[in-house]
There are 2 protein chains.
Amino acid sequence: MTKIPEIADVAAALQLSIGLCIRRIRQPLAEGELSLPEASVLKRLEFGGPTTVTELAKADQITVQSMGTTLSALESRGLVERHPHPSDGRRSVLSITKTGLRALENKHNSRSQQVANALSEGFSPSELQQLMVAAPLIERLAQSL
Amino acid sequence: MTKIPEIADVAAALQLSIGLCIRRIRQPLAEGELSLPEASVLKRLEFGGPTTVTELAKADQITVQSMGTTLSALESRGLVERHPHPSDGRRSVLSITKTGLRALENKHNSRSQQVANALSEGFSPSELQQLMVAAPLIERLAQSL
DNA sequence: TATTGTTATACTCTATAACTATA
DNA sequence: TATAGTTATAGAGTATAACAATA
């Protein structure tokens with residue numbers, strides 16, 4: 001019989017694990033690597049097509065200004081391009097460049113890929129299953145903070 | 001039959017959920033609240049008793065210098081105290097103060113408590129169980145990054 | 001020499017505030 | 001007025017480098 005866990009125990013366990021994740025993932029990247037927010041933006045542009053700063057900010061639940069910072073960094077490295085919106089002069093339309101697509105393909109240049117590599121090397125299928133189940137729960141937790 | 005999840009799917013799901021957690025938890029705290037690293041230090045001092053900067057840094061897997069920053073902030077708010085080590089003049093011994101203990105007790109003044117509150121309000125026992133199973137896996141993932 | 005700790009500096013990712021330009 | 005975006009500034013949490021004091 002599986003015992004119902006105490007809230008405090010779950011909270012403590014998650015804080016420990018997620019806290020460590022935060023610290024690890026946040027560590028400085030080597031030259032040219034993609035940070036988590038950068039990879040997130042590039043993936044959205046790859047799969048969702050060209051869009052605006054405001055839409056990208058909404059998708060990642062950060063402010064427009066913060067998204068602007070990330071986009072400027074990506075633009076200066078030639079990974080995204082800014083074009084004027086055809087009908088609305090206020091907007092800019094962002095799209096991923098060929099260089100950006102190549103950056104995403106590289107298996108070692110992003111935290112995303114490092115996560116994937118770590119998973120494939122150190123976890124069993126049933127553990128992957130358990131992580132898959134937990135992911136949406138963690139997202140819901142984040143949403144409610 | 002539960003399907004074995006694709007590595008890429010697990011990686012993407014975890015990035016989304018943990019990434020959002022990172023952004024949420026990192027948001028500025030209200031005056032006097034405890035940040036995640038601050039609460040972590042206070043809890044260690046509460047349960048593990050007085051110890052040194054180096055030990056605390058090891059426990060949270062950050063550099064001594066970074067831990068020093070956190071401790072200085074806590075000290076200036078009167079939540080921890082620094083005392084000379086009895087036999088080794090190089091070391092300082094940190095301990096939690098009564099004010100620090102009171103800060104930990106307050107149910108609303110830390111990210112930790114916010115996590116606990118969110119869990120108790122929005123998750124079923126079986127979901128808590130699933131999170132409990134995932135926590136050590138996430139920690140192992142973080143360790144291997 | 002090795003260990004403990006501090007100070008100085010910088011980086012990433014985020015925020016708020018104030019602004020310009022367009023609708 | 002409202003919306004889209006930029007620029008300026010600040011803050012949290014980390015890092016590395018260089019140093020002083022003690023073992």
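Naming convention: chains lettered A, B, ... in sequence-line order (proteins, then strands); numbering from 1 in each chain. The analysis underlying the following values was restricted to heavy atoms, covering all of them including side chains, and did not include hydrogens, waters or symmetry mates.
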C:dA15 OP1/OP2 closer than 4.0 Å to side-chain N/O of B:Gln27: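 Yes.
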Could you tell me whether [X] contacts a base, only the sugar-phosphate backbone, or nothing, with contacts defined as non-hydrogen atoms closer than 4.0 Å?
{"X": "B:Ser66", "result": "base"}
{"X": "B:Thr63", "result": "base"}
{"X": "B:Ser72", "result": "nothing"}
{"X": "A:Arg82", "result": "sugar-phosphate"}
{"X": "A:Gln65", "result": "base"}
{"X": "A:Gly68", "result": "nothing"}
{"X": "B:Ser87", "result": "sugar-phosphate"}

Residue whose closest nucleotide on DNA chain C lies nearer the 5' end, A:Thr70 versus A:Arg90: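 Final value for this comparison: A:Thr70.
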Atom pair distance, as rounded to whole Å: CG in B:Leu34 and P in D:dA12: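 Those two atoms, CG and P, are 13 Å apart.
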Rounded distance (Å) that lies between atom P of C:dG5 and atom CD1 of B:Ile62: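 Distance, rounded to whole Å: 14 Å.
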Single-linkage hydrophobic cluster A:Val133~A:Leu131, side-chain heavy atoms < 4.5 angstrom: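 No, because A:Val133 and A:Leu131 fall into different hydrophobic clusters, even though each may have its own neighbours under 4.5 Å.
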Which nucleotide in C:dT22, C:dC13, D:dA23 has an atom nearest any side-chain atom of B:Asp88: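 Given the options C:dT22, C:dC13, D:dA23, the side chain of B:Asp88 is closest to D:dA23.
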Donor-acceptor pair between A:Thr69 and A:Ser66 side chains, under 3.5 angstrom: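 No pair is found: no donor N or O on one side chain lies under 3.5 Å from an acceptor on the other.
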